[in-house]
Amino acid sequence: MTALETPLQIGGIEVPNRLYRAPVLECAGNGAAAVDTLIDELEPTAASGVGLLFQGASIVTDRGGCAAPNMTRVHDPAFVERLERLTGTIHDHGGRIFLQLAHGGLRSMATWHAEYRETHPDQRQLAVSRPPWQLRALDRLGLISLQPDVLSTNEVWELAEQFGRCAGYAVDAGYDGIHLSAANMSLIQQFLSPFYNHRSDEFRDGVRFLEAIHDAVREHAGDVPLVTKVPAETAAPSFVRRHLTRRDGVAIATRAAAIGYDGLVPVEVSPFWDMSIVRGAFPDRAWDASDLQDDYAAVFGSRLRARAVQLLNRLQARRFGRDPGWNADFCRAVSERVDVPVLLEGGLRTRTDCDRYLGATGPTAADAVGMARPFYAEPRLGARLLDGADALCESCNNCTVPQVTGEPGRCRTPAIVREQARLRRDGAYERTK
């Protein structure tokens, strides 16, 4: 039996408990206030007792690759050096912090963000292969814009090396580990997925890219703990015939552990950036917000197109209902095959579910449990969870949609905001253990 409060070893470091903050957008960018924004976002979580924080997807290149506005880039060692203030703050509270490294590939803003394309007309997307016909059809209809640069073999090796260099910068700045964004339509997932990867070189086997990144991280950052998401594209739409099955995902996880990855985060997703990532209710409050209508029109190209995206969002919300711990079965299957920690996230909201999936009250699914959106509503949520309470988050998703306009992640449900304020006044977020 494993309790939430039990320490966990990941690679060469000990994490003080089994609760982690999963990666989400901090919307910090790279400006003068970036480090302060990250500290404001992440310090309350560490102060509340959460053992491990994954700083959200940070882009390894100097241009392109951002899947949403205000993402942070970590290609510049001078900027990353400034993040020592963040890592030191997390360590002062006894927490550990890993940096998630990412690149969006075909998910980049140049594909889908109309306003961004207007200001970056020459920007192209890095691509694993020629984009699938489904995306090319959307391009011909004018719903997205594809200008793919298919990576040569040498360019793939150089990109893996860039991941390694950024890992080295992070370790120098005090980060405890590295996390790879290999799901949610990231470029790494595109290498792993048969939907995207039709290469004829050695990287037709997408795990070779994971191996190349691993080797580059080891060269530049030594034996720093290295964790990766592992996708299974079980949420693929019916028109996608070639995709990663759960069996494929288990095989990828097994090989990643053999390569030397120190932790795995199995997630069941789609080949696309859709509501399989943030399952739950349709975010009607966010879509109807009067102050965001002009911004939505600018992002998607017109009010009509914004309404079309809203309709698609509504249809997907019906398909992807929230099932707490929806990745649990995948995690169990991976846990049976590997000897490294397996981390579970996806829809967890209660202490009961955390205990159950850690094996305290049911079959063990994972070695650690994580939450993401609930920390938008309760930055100091860890104190209440570790004290036996549940998260307030109702998975309404009203925090997520406005982020396409550059809005920061925050809870937009008045009842939740009021209850969080009441709990704060009552001292519920003060650590008691």
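Residue numbers count from 1 along this sequence. As the structure is a prediction and not an experimental result, all values here were calculated from the model.
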Note: [X]-[Y] ion pair, threshold 4.0 Å (strictly below):
X: Asp329; Y: Arg332; answer: yes
X: Asp387; Y: Arg431; answer: no
X: Arg21; Y: Glu41; answer: yes
X: Asp355; Y: Arg351; answer: yes

Check your understanding: Do the two ring centres, one from Phe54 and one from Tyr20, sit under 6.0 Å apart?
Key ->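 Yes, the ring of Phe54 comes within the 6.0 Å limit of the ring of Tyr20, centre to centre.
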- Query: Taking side chain as C-beta onward, heavy atoms only, is Asn184 less than 4.5 Å from Ser186?
  - Reply: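 The answer is no, as the side chains (C-beta and beyond) never meet within the 4.5 Å cut-off.
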Give a yes or no on this: more than 12 heavy atoms of other residues, nucleotides or ligands lie within 6.0 Å of atom [atom1] of [X].
X: Arg136; atom1: CZ; value: yes
X: Arg319; atom1: CZ; value: yes
X: Arg241; atom1: CZ; value: no
X: Gln310; atom1: CD; value: yes

Next item on the list: Begin with the C-alpha distance, continue with both residues' side-chain angles, and end with the deciding distance and a verdict on side-chain contact (heavy atoms from CB on, under 4.5 Å) for Leu358 and Thr364.
Entry: CA-CA 5 Å; Leu358 288 174; Thr364 302; 6.0 Å; no
Side chains of Gln189 and Glu233: is there a donor and an acceptor less than 3.5 Å apart?
yes
Practice item. Determine yes or no for a side-chain-to-main-chain donor-acceptor pair under 3.5 angstrom, with Tyr296 supplying the side chain and Gly301 the backbone. Key: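 Absent.
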Taking every non-hydrogen atom, the tightest pair across [X] and [Y]:
X: Asp176; Y: Ile13; answer: CB-CD1, 4.0 Å
X: Ala253; Y: Leu264; answer: O-CD1, 3.5 Å
X: Leu385; Y: Leu4; answer: O-CD2, 4.3 Å

**Asked** Can you check side-chain contact (heavy atoms from CB on, under 4.5 Å) on His198 and Arg242, steps first, answer last?
**Response** CA-CA 11 Å; His198 305 287; Arg242 300 182 63 192; 3.2 Å; yes
_Listed once per pair and sorted, the side-chain hydrogen bond (donor to acceptor under 3.5 Å, both in side chains) pairs that draw on residues 274-294, sequence neighbours left out_ =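 Matches after skipping sequence neighbours: Ser270-Asp274, Asp274-Ser276, Trp287-Asn313, Asp294-Arg303.
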With side-chain contact (heavy atoms from CB on, under 4.5 Å) as the test, would you mind laying out the steps for Leu8 and Ile10 before giving the verdict? CA-CA 6 Å; Leu8 173 67; Ile10 302 180; 3.9 Å; yes
Tell me whether the rings of [X] and [Y] are parallel (<30°), tilted (30 to 60°) or perpendicular (>60°).
X: His113; Y: Tyr116; value: perpendicular
X: Tyr196; Y: Phe272; value: perpendicular
X: Trp112; Y: Phe300; value: tilted

Would Arg410 count as a cation-pi partner of Tyr376, with NZ or CZ less than 6.0 Å from the six-membered ring centre and within 45° of the ring normal?
no
field: Verdict with supporting geometry, Glu26 and Thr72, side-chain contact (heavy atoms from CB on, under 4.5 Å)
entry: CA-CA 8 Å; Glu26 290 91 13; Thr72 298; 5.9 Å; no
